[in-house]
Structure formats: C-alpha cells, structure tokens
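The block underneath contains the structure these notes are about, expressed in structure tokens.
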Amino acid sequence: MNAVIRRFADAPALTRAALDLVAAAAREAIAQRGRFAMALSGGATPLPLYAAMAREGYGAPPEATLFFFGDERLVPVSDSRSTFGVVAPLLFTPSPVPVGNIHPMPVEIRPAELAAATYEAEVRQALGTAPGEVPRFDLILLGLGPDGHTASLFPGSPALAETAALVAAVPPPTTAAPAVPRLTFTLPLMNAARRVRFLTTAKGEEAALAQALADRPDPAVPASLVRPDGELAWLVDEGQGGVRRDQPK
Ligand code: 6PG
C-alpha cells in the first residue's frame, strides 16, 4: 500500500507529530487556495490533538479554516456520545473560530437520510464544488476501530458500496458501541481528499491494523478501503494507548 506508516512510543509523541502534519497541510492549503478545509474524526485518540491545536495553533488562521466532521452519532450535542459535544470544548472554545466555519453534522434532522443529504449539500456549498464533482478536503482525519471500521463505515455496511452519495446514514452498528444510528462520510468523499491521516493506537487493534495496512483492500476491514487520490499516512501509538470512547455505555 502506498502509505506512510509512522509509529510512536506514546500518545504525546503521536499528538506532536499529528499537530505538525495538520499544520503542514494547513500552510500548504492557505498558500495554494487561501483556505483550509479539514474533517475531524471521533474517538479518543485525536482528542489531545484537538486540545493542542487550540493551544498552539494549527498553521492556518481560524477565519480561513473550515471544520467538518467525518462521522457523528445521531444524538443531541449535550449527549456524552456526541463527537461534536466532546470536540467543541477542546478545539473551539479555547481558541474561538467563526461560527460559520464550524460545520457539525445536523443530528436534529430526521429521517437520517435527509440529514445525510443536508450535510452533503453543506459540504458542497462550503467547499464550492461544481455539480458532478467530488469535493476535495485538504485534510481528513480518521480513526480505526477494533472491528476495522473507520468513521462510521462498519464491516458489512451497505454504505461501503456507495459510489455517488458523499454522506450516508448508517443504522446502529452491531460491532461497536454505542448502538445509535450515525452519519458518515463515504469512500468517494474520503478518497477524493488531498490528505488522509489515520490516528490510532495499536493496543487492542493489532489485527485490524495489520489488515488495514495490507496491500489488498478488504471490505471486511473498511479502513483498508481508504486509498485516497492524495497522500495517505498512518500514525500509530505503539504504547499502552488511551481510554476508548467507543465503549458500551
Ligand atoms: C468515533 C468514530 C470511530 C473512531 C474509531 C477509533 O468513535 O467517533 O466513529 O471511527 O474514530 O473507533 O476510536 P479511538 O480513537 O477511540 O480508538
């Protein structure tokens, strides 16, 4: 697989490298397009990165940065299972970002399919994508679940076969908690990105990691299907890892 794989002794080392990579992507995007469009991932691994971005900056002015989310659980923002609810106080409160630049997934819209279509339209409009073209994020952050899922693309999900829609509604997963419906970026949107960075911990995920990094993509391991047009890198914490957010509640 044509990916850069970097391994780190602990979470702080991974966070430091991830911040450098975000800043490099941001500086390039600002220099070339005057704007930095980034999609954030859920899970526990990137949370220290979000805090570091707010504390130290991330290579682009907040006014020129657009923040999206690669997936979300369909729960209110006040619910502890909401990715936006967890990320916002870390990233947006300490270092204010213009509210129009922050794009949480529309969890209040039902049915979920309409929420997915609404978010796709929001991505298209914000990134100024022509009809028929696929928007290109400057950077998409992703994680890896023990079952091989990434964002909310789970093994066996019909969303894996999506070739047109950029955002999909997915039913409650059977292989990961919490069992609530979700929205997720699809593979066409992920694979159009200029840069994709997976942030993951090896502990407890060795098998999924080995499969995700294998040369041959395998639908049983959705993360292995992310093979973007742009640069792909995996940042792996080889230490004891942190606390998973994706635990049964
Ligand atoms: C979420 C994401 C999920 C996550 C991975 C990795 O939980 O919000 O849907 O894809 O990124 O499960 O999570 P950890 O970083 O906690 O290992």
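Ligands are counted one by one from 1 in listed order, and the atoms in each one are counted from 1 as well. Computed from a predicted model, the values in this text were never measured in an experiment.
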So, using side chain to side chain donor-acceptor pair (under 3.5 Å) as the criterion, who are the partners of R35 when residues are at least two apart?
none

Any residue meeting side chain to side chain donor-acceptor pair (under 3.5 Å) with S41, in chain and number order, not counting sequence neighbours:
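S41 satisfies side chain to side chain donor-acceptor pair (under 3.5 Å) with no residue once adjacent residues are dropped.
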
With heavy atoms under 4.0 Å as the rule, classify the contact between [X] and ligand 1 as side chain, backbone, both or neither.
| X | result |
| --- | --- |
| S41 | neither |
| L144 | backbone |
| A176 | neither |

Please identify which atoms of ligand 1 are closer than 4.0 Å to at least one heavy atom of [X].
| X | answer |
| --- | --- |
| T45 | 14 (P), 15 (O), 17 (O) |
| G143 | 11 (O) |
| T83 | 8 (O) |

Kindly identify the option in R73, K203, R81, H149 whose heavy atom sits closest to atom 12 (O) of ligand 1.
H149

Option nearest atom 13 (O) of ligand 1 (shortest heavy-atom distance, choices G43, P146, S82, S152)
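Minimum heavy-atom distance to atom 13 (O) of ligand 1 goes to G43.
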
In sequence, state the C-alpha distance, the side-chain angles, and the governing distance for L183 and R73, and then conclude on side chain to side chain contact (heavy atoms under 4.5 Å, CB included).
CA-CA 7 Å; L183 301 180; R73 299 165 177 88; over 6 Å; no

Under a 4.5 Å cut-off applied to non-hydrogen side-chain atoms, are I102 and F84 in contact?
yes

Are [X] and ligand 1 in contact, using a heavy-atom cut-off of under 4.0 Å?
| X | value |
| --- | --- |
| T201 | no |
| A151 | yes |
| E205 | yes |

Crowded around E206 CD? As in, over 12 foreign heavy atoms under 6.0 Å?
yes

May I ask you to check whether L199 has an N/O atom sitting below 3.5 Å from an N/O atom of ligand 1?
no

Parallel, tilted or perpendicular, as decided by the 30° and 60° cut-offs, for the rings of Y58 and F67:
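Taking Y58 first and then F67, their aromatic rings stand perpendicular (interplane angle over 60°).
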
Measure the acute angle between the ring planes of F137 and F68, then classify it against the limits of 30° and 60° as parallel, tilted or perpendicular.
perpendicular

